[in-house]
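Each remark here refers to the structure printed beneath this line.
Letters go in sequence order (proteins before strands), and every chain restarts at 1.
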Amino acid sequence: MKIKALNGFKDVLPDEVGLWREVENQAREVFRTFHFSEIRLPILEKTDLFARSIGADTDIVEKEMYTFVDKQVTMRPEATASLMRAYIQHSLHTQKPVQRLFTIGPMFRHERPQKGRLRQFHQIDVEILGSANPRVDAELMAMAAQLFDRLGISVSLEMNSLGCPACRPAYRKLLLEFIESRIDKLCDDCKRRSTRNPLRVLDCKKPACRQEVESAPSIIEHLCQECSEHFSVVQQSLDSLGVSYQLNKFMVRGLDYYVRTTFEFITDQLGAQSAVCAGGRYDGLIELLGGGKIPGIGFAMGIERLVLLLQQKNELKGAGNGIDLFLAGLGDGASDFCYQAMHELRTLGFSADMDLESRSLKSQMKQADKAAASYTLIVGDQELEAGKATIRNMATKEQKEITLSSQAIATELEGGQY
RNA sequence: GUGGGUGUAGCUCAGUUGGUUAGAGCGUCUGGUUGUGGCCCAGAAGGUCGGGGGUUCAAAUCCCCUCACUCACCCCA
């Protein structure tokens with residue numbers, strides 16, 4: 001094989017597309033009931049947009065973006081920044097005080113691929129803009145939980161609060177002191193993190209670090225009055241909606257713009273990539289990007305990861321690809337009739353197919369079977385002359401003679417469940 | 001960027017201490033009489049054994065290099 005897709009880029013073959021559609025359809029349906037609107041965004045944006053929103057010194061911006069350097073544009077590594085840009089550009093806050101939006105599409109990050117992580121990956125991205133109300137946080141998590149429920153995927157919700165510009169600096173200082181007091185016991189990565197992004201030390205995977213960090217000061221206990229109240233209303237609201245969750249004081253965020261509530265839906269079925277959905281509040285982001293002082297909260301879920309989970313469940317496999325009718329013609333005259341009839345039936349809205357290579361009836365029956373056809377029309381020279389055809393119900397094996405016309409065939413197809 | 005694992009047919013994989021024309025299952029195609037699918041049976045097509053170099057009378061098998069894929073680290077959905 002000479003020509004192949006790029007490393008980290010994958011084709012979604014027809015057999016798998018059914019699961020993708022399942023995920024997307026269920027998402028759209030759930031979002032509809034929660035009164036969200038879909039928005040479609042460009043994949044390419046000015047590089048500066050991501051540098052400003054995600055954080056210029058994050059790994060994503062520093063080395064993982066697909067950037068056309070000469071044009072100063074970048075393939076989006078996530079959707080939130082683009083969505084904020086569109087929100088600001090079109091002054092969507094003037095249309096409604098609270099905007100509830102979602103978008104679905106590909107994202108690009110030049111990371112080393114591994115299970116559940118590709119260089120082109122797809123996310124369902126949901127945002128609520130214009131409300132700082134903690135009940136919105138809970139509503140959003142409840143919606144995600146409901147989607148997982150409908151998909152039959154079992155995940156657990158973990159939640160934390162990261163504080164805000166008022167209380168995080170003080171906590172950060174406290175944490176730094178803690179880290180420095182035992183810096184020699186931490187791994188090299190954590191030493192680096194401590195200067196770059198101290199919060200990240202909290203979710204190091206190494207057992208030794210975890211143990212050290214166990215007694216670290218918890219941000220939840222150092223929230224300011226407002227953040228603390230916010231967080232407790234979030235919890236009360238989740239309780240009132242019957243959504244179960246766990247507090248995880250070690251859960252932090254990689255992106256700069258998160259404040260207050262953060263959450264992840266995680267699974268133990270995906271190896272190292274345990275997060276299926278992650279999100280949080282970002283009250284300062286819109287202002288940072290030049291919009292108004294507008295709060296926001298959102299989450300992103302990885303479609304590939306959801307599909308992997310559905311595949312592991314081993315249910316609902318490639319359903320819904322069957323056709324209504326397969327036309328089997330024997331001989332040139334019959335084949336000509338089938339060809340035209342097939343087109344007419346398609347025009348009437350039936351899915352139909354036939355063999356154009358004039359193979360044996362047996363072969364054509366096999367093709368009909370493989371196409372999961374509900375009915376097969378059999379036309380030979382005798383039928384053609386008599387103006388009749390045989391139609392076979394593939395499930396029951398019942399056959400009957402019908403008039404040789406598209407209308408008669410259509411009527412027959414209607415009669416059986418259509 | 002770093003480390004481990006794996007590269008044999010379209011797919012999943014066998015291939016013994018190097019030894020004839022490299023195998024199986026699934027899939028594909030064709031048959032199993034005269035116009036009928038799924039099951040069964042028979043046959044066929046399909047492979048530069050990832051690529052290059054080396055050792056050897058002889059390499060899928062041993063050595064070196066390279067590429068690809070994969071899992072994990074970093075980072076992150």
Side-chain angles (χ1 to χ4, degrees), chain A residues 1-10 13 15 54-55 57-65 77-80 106-126 144 155 187-190 192-193 196-197 200 203-206 251-255 262-267 270-280 298-306 308 326 328-331 334 355 357 359-384 389-399:
Chain A
M1 173 94 74
K2 280 208 160 142
I3 193 155
K4 289 165 84 171
L6 292 172
N7 188 14
F9 289 70
K10 276 227 161 55
L13 298 176
D15 279 350
I54 295 171
D57 57 352
T58 58
D59 273 26
I60 292 180
V61 171
E62 274 185 1
K63 48 192 187 194
E64 293 175 0
M65 296 205 300
E78 54 123 43
T80 301
M107 312 293 157
F108 305 84
R109 289 185 199 174
H110 192 100
E111 301 175 286
R112 202 66 177 269
Q114 66 189 68
K115 189 179 178 69
R117 179 219 264 179
L118 297 170
R119 288 183 172 172
Q120 177 181 335
F121 57 103
H122 299 77
Q123 286 188 333
I124 299 172
D125 193 76
V126 179
V155 290
C187 70
D188 289 347
D189 286 326
C190 282
R192 189 171 42 77
R193 288 183 187 114
R196 218 180 130 101
N197 189 354
R200 274 285 171 191
D203 72 346
C204 183
K205 285 176 183 166
K206 296 196 178 62
M251 191 184 71
V252 297
R253 279 285 93 114
L255 276 36
T262 59
F263 58 93
E264 280 179 20
F265 287 83
I266 60 174
T267 172
L270 289 180
Q273 304 303 318
S274 57
V276 180
C277 168
F299 67 73
M301 29 183 143
I303 298 183
E304 279 84 357
R305 293 180 187 181
L306 293 173
L308 279 171
F326 191 92
L330 297 165
D355 172 60
E357 313 302 323
R359 286 193 256 222
S360 70
L361 179 59
K362 177 171 183 160
S363 169
Q364 295 193 54
M365 290 302 292
K366 282 188 178 177
Q367 290 179 63
D369 188 54
K370 217 163 296 160
S374 302
Y375 287 87
T376 299
L377 185 81
I378 301 164
V379 190
D381 287 333
Q382 301 126 35
E383 280 104 331
L384 197 62
T390 302
I391 191 158
R392 177 181 176 89
N393 180 320
M394 296 299 278
T396 66
K397 298 184 179 183
E398 285 172 66
Q399 297 191 175

Discussion item. When both hydrogen-bonding distances must be under 3.5 Å and the geometry is Watson-Crick or G-U wobble, what is B/G18 paired with, if anything?
Written reply: none
Worksheet item: According to a strict under-4.0 Å criterion, is A/Asn7 in side-chain N/O contact with OP1 or OP2 of B/A68?
Response: no
Worksheet item: Taking the same atom, C1', in B/G50 and in B/U61, what whole-Å distance lies between them?
Response: 16 Å
Worksheet item: Among the nucleotides B/G35, B/C71, B/G37, which one has an atom lying closest to any side-chain atom of A/Ile378?
Response: B/G35
Fill in: Side-chain donor/acceptor of A/Gln399 to base of B/U36, under 3.5 Å
yes
Fill in: A/Thr390: which of A/Val379, A/Ile378, A/Leu377 passes side chain to side chain contact (heavy atoms under 4.5 Å, CB included)
A/Ile378
Practice prompt. To the nearest 0.5 Å, tell me how far A/Arg119 CZ sits from A/Glu64 CD.
Written response: 9.5 Å
Worksheet item: Using a cut-off of 4.0 Å on non-hydrogen atoms, how would the nucleic acid contact of A/Ala272 be classed: base, sugar-phosphate, or nothing?
Response: sugar-phosphate
Worksheet item: Checking A/Arg117 side chain against A/Gly8 main chain: does a donor-acceptor pair fall under 3.5 Å?
Response: no
Worksheet item: If the C1' atom of B/C74 is compared with that of B/G27, how far apart are they to the nearest Å?
Response: 41 Å
Practice prompt. Flag the pair A/Glu304 / A/His122 as yes when at least one side-chain heavy-atom distance between them is below 4.5 Å, and no otherwise.
Written response: yes
Worksheet entry | Pairing of A/Asp188 and A/Lys206 as salt bridge, 4.0 angstrom limit | no
Discussion item. From C-beta outward on A/Thr390, which listed nucleotide comes closest to its side chain: B/C76, B/U36, B/C29?
Written reply: B/U36
Worksheet item: Which base sits across from B/U34 as a Watson-Crick or G-U pair, both distances under 3.5 Å?
Response: none
Worksheet item: Choosing from B/C76, B/C74, B/G31, which nucleotide comes nearest the side chain of A/Gln273?
Response: B/C76
Worksheet item: Given atom CE of A/Met365 and atom C1' of B/U36, what is their separation to the nearest angstrom?
Response: 4 Å
Worksheet item: So which of A/Met394, A/Gln399, A/Glu398 actually passes side chain to side chain contact (heavy atoms under 4.5 Å, CB included) with A/Thr396?
Response: A/Glu398
Worksheet item: What is the base-pairing partner of B/G3, counting Watson-Crick and G-U wobble geometry with both distances under 3.5 Å?
Response: B/C71
Item to complete: Counting heavy atoms from C-beta on, name the nucleotide in B/G1, B/U28, B/U36 closest to the side chain of A/Lys370.
Response: B/U28
Fill in: Rounded distance [0.5 Å steps], SG in A/Cys190 versus CZ in A/Arg200
11.0 Å
Fill in: Identified pairing partner of B/C26, criterion: Watson-Crick or G-U wobble below 3.5 Å
B/G10
Worksheet item: Across all strands shown, which nucleotide pairs with B/G47 by Watson-Crick or G-U wobble geometry, both distances under 3.5 Å?
Response: none
Worksheet entry | C1' spacing across the pair B/A14 / B/G51, given as an integer number of angstrom | 24 Å
Item to complete: Just compare B/C75, B/U2, B/G37 and give me whichever is closest to any side-chain atom of A/Lys366.
Response: B/G37
Response to the item:
note: A/Phe326, atom CZ; B/G37, atom P; distance rounded to Å ~ 14 Å
Worksheet entry | Base of B/G35 paired with side chain of A/Gln382 (donor-acceptor, under 3.5 Å) | yes
Practice prompt. Could you please name the option among B/A77, B/C76, B/U70 that lies closest to any side-chain atom of A/Ala275?
Written response: B/A77
Worksheet item: Considering only heavy atoms and no angle criterion, is a donor-acceptor pair shorter than 3.5 Å present between the side chain of A/Arg192 and the base of B/C75?
Response: no
Practice prompt. Identify whether any heavy atom of A/Leu118 sits under 4.0 Å from a base atom; if not, whether one sits that close to sugar-phosphate; answer base, sugar-phosphate or nothing.
Written response: base
Worksheet item: Just how far, in rounded Å, is P of B/C75 from CZ of A/Arg196?
Response: 8 Å
Practice prompt. Write down the distance separating the P atoms in B/G25 and B/C63, rounded off to the nearest Å.
Written response: 32 Å
Worksheet item: Of the candidate nucleotides B/A77, B/G38, B/C76, which contains the atom at the shortest distance from the side chain of A/Arg200?
Response: B/C76
Fill in: Interatomic distance, A/Leu270 CG vs B/A72 C1' [rounded to whole Å]
15 Å
Practice prompt. Taking A/Arg392 for its side chain and A/Thr376 for its backbone only, find out whether a donor-acceptor pair lies under 3.5 Å.
Written response: no
Item to complete: Find the distance between CD (A/Gln114) and CG (A/Leu270) and round it off to the nearest 0.5 Å.
Response: 11.0 Å
Fill in: Sugar-phosphate only, base, or nothing, as touched by A/Asp369 at under 4.0 Å among non-hydrogen atoms
base
Discussion item. Counting the atoms with a prime plus P, OP1 and OP2 as sugar-phosphate, which does A/Gly271 contact under 4.0 Å by heavy atoms, base, sugar-phosphate, or nothing?
Written reply: sugar-phosphate
Discussion item. From C-beta outward on A/Arg193, which listed nucleotide comes closest to its side chain: B/C75, B/A77, B/A72?
Written reply: B/C75
Worksheet item: Can you tell me how far C1' of B/A77 sits from CE of A/Met251, to the nearest Å?
Response: 13 Å
Response to the item:
RNA chain B nearest-nucleotide lookup for A/Gly302 and A/Lys206: closer to the 5′ end is A/Lys206
Item to complete: By nearest nucleotide on RNA chain B, pick out whichever of A/Val252 and A/Met394 is the more 5' one.
Response: A/Met394
Fill in: From A/Gln364 atom CD to A/Phe326 atom CZ, the distance as rounded to the nearest 0.5 Å
5.5 Å
Practice prompt. Compare side-chain N and O positions of A/Arg359 against OP1 and OP2 of B/C29 and report whether any pair is under 4.0 Å apart.
Written response: no
Worksheet item: Just to confirm, is there a sub-4.0 Å distance from OP1 or OP2 of B/C71 to any side-chain nitrogen or oxygen of A/Gln114?
Response: no
Worksheet item: Are A/Lys115 and B/C73 close enough that a side-chain N or O sits under 4.0 Å from OP1 or OP2?
Response: no
Worksheet item: Does the base of B/G35 carry an N or O that pairs as donor and acceptor with the side chain of A/Glu383 under 3.5 Å?
Response: yes
Discussion item. Does A/Lys362 contact B/G32 through a side-chain donor or acceptor facing the base, at a distance under 3.5 Å?
Written reply: yes
Worksheet item: Distance between the C1' atoms of B/G15 and B/G7, in whole angstroms?
Response: 15 Å
Worksheet item: Given atom CG of A/Leu13 and atom P of B/G27, what is their separation to the nearest angstrom?
Response: 18 Å
Worksheet item: How many Å lie between NZ on A/Lys63 and P on B/C74, as a whole number?
Response: 12 Å
Practice prompt. Measure the distance from CZ on A/Arg112 to P on B/C71 and round it to the nearest whole Å.
Written response: 12 Å
Worksheet, complete the sentence: With the side chain defined as heavy atoms from C-beta on, A/Glu64 is closest, among B/U2, B/A77, B/C75, to B/C75
Discussion item. By the 4.0 Å heavy-atom rule, please label A/Phe299 as base, sugar-phosphate, or nothing.
Written reply: nothing
Worksheet item: Is there a donor and acceptor pair, one atom on the side chain of A/Lys397 and one on the base of B/G38, closer than 3.5 Å?
Response: yes
Worksheet entry | B/C69 to B/U8 separation - P atoms, rounded to the nearest Å | 14 Å
Practice prompt. With P as the reference atom in both, quote the distance from B/A72 to B/G31 in angstrom, rounded to an integer.
Written response: 48 Å
Worksheet item: Is there a Watson-Crick or G-U wobble partner for B/U55 with both distances under 3.5 Å, and if so, which one is it?
Response: none
Discussion item. Starting the side chain at C-beta, find the nucleotide from B/A72, B/G35, B/C75 nearest to A/Glu111.
Written reply: B/C75
Worksheet item: What distance, rounded to whole Å, do you find between the two P atoms, one in B/U33 and one in B/A42?
Response: 16 Å
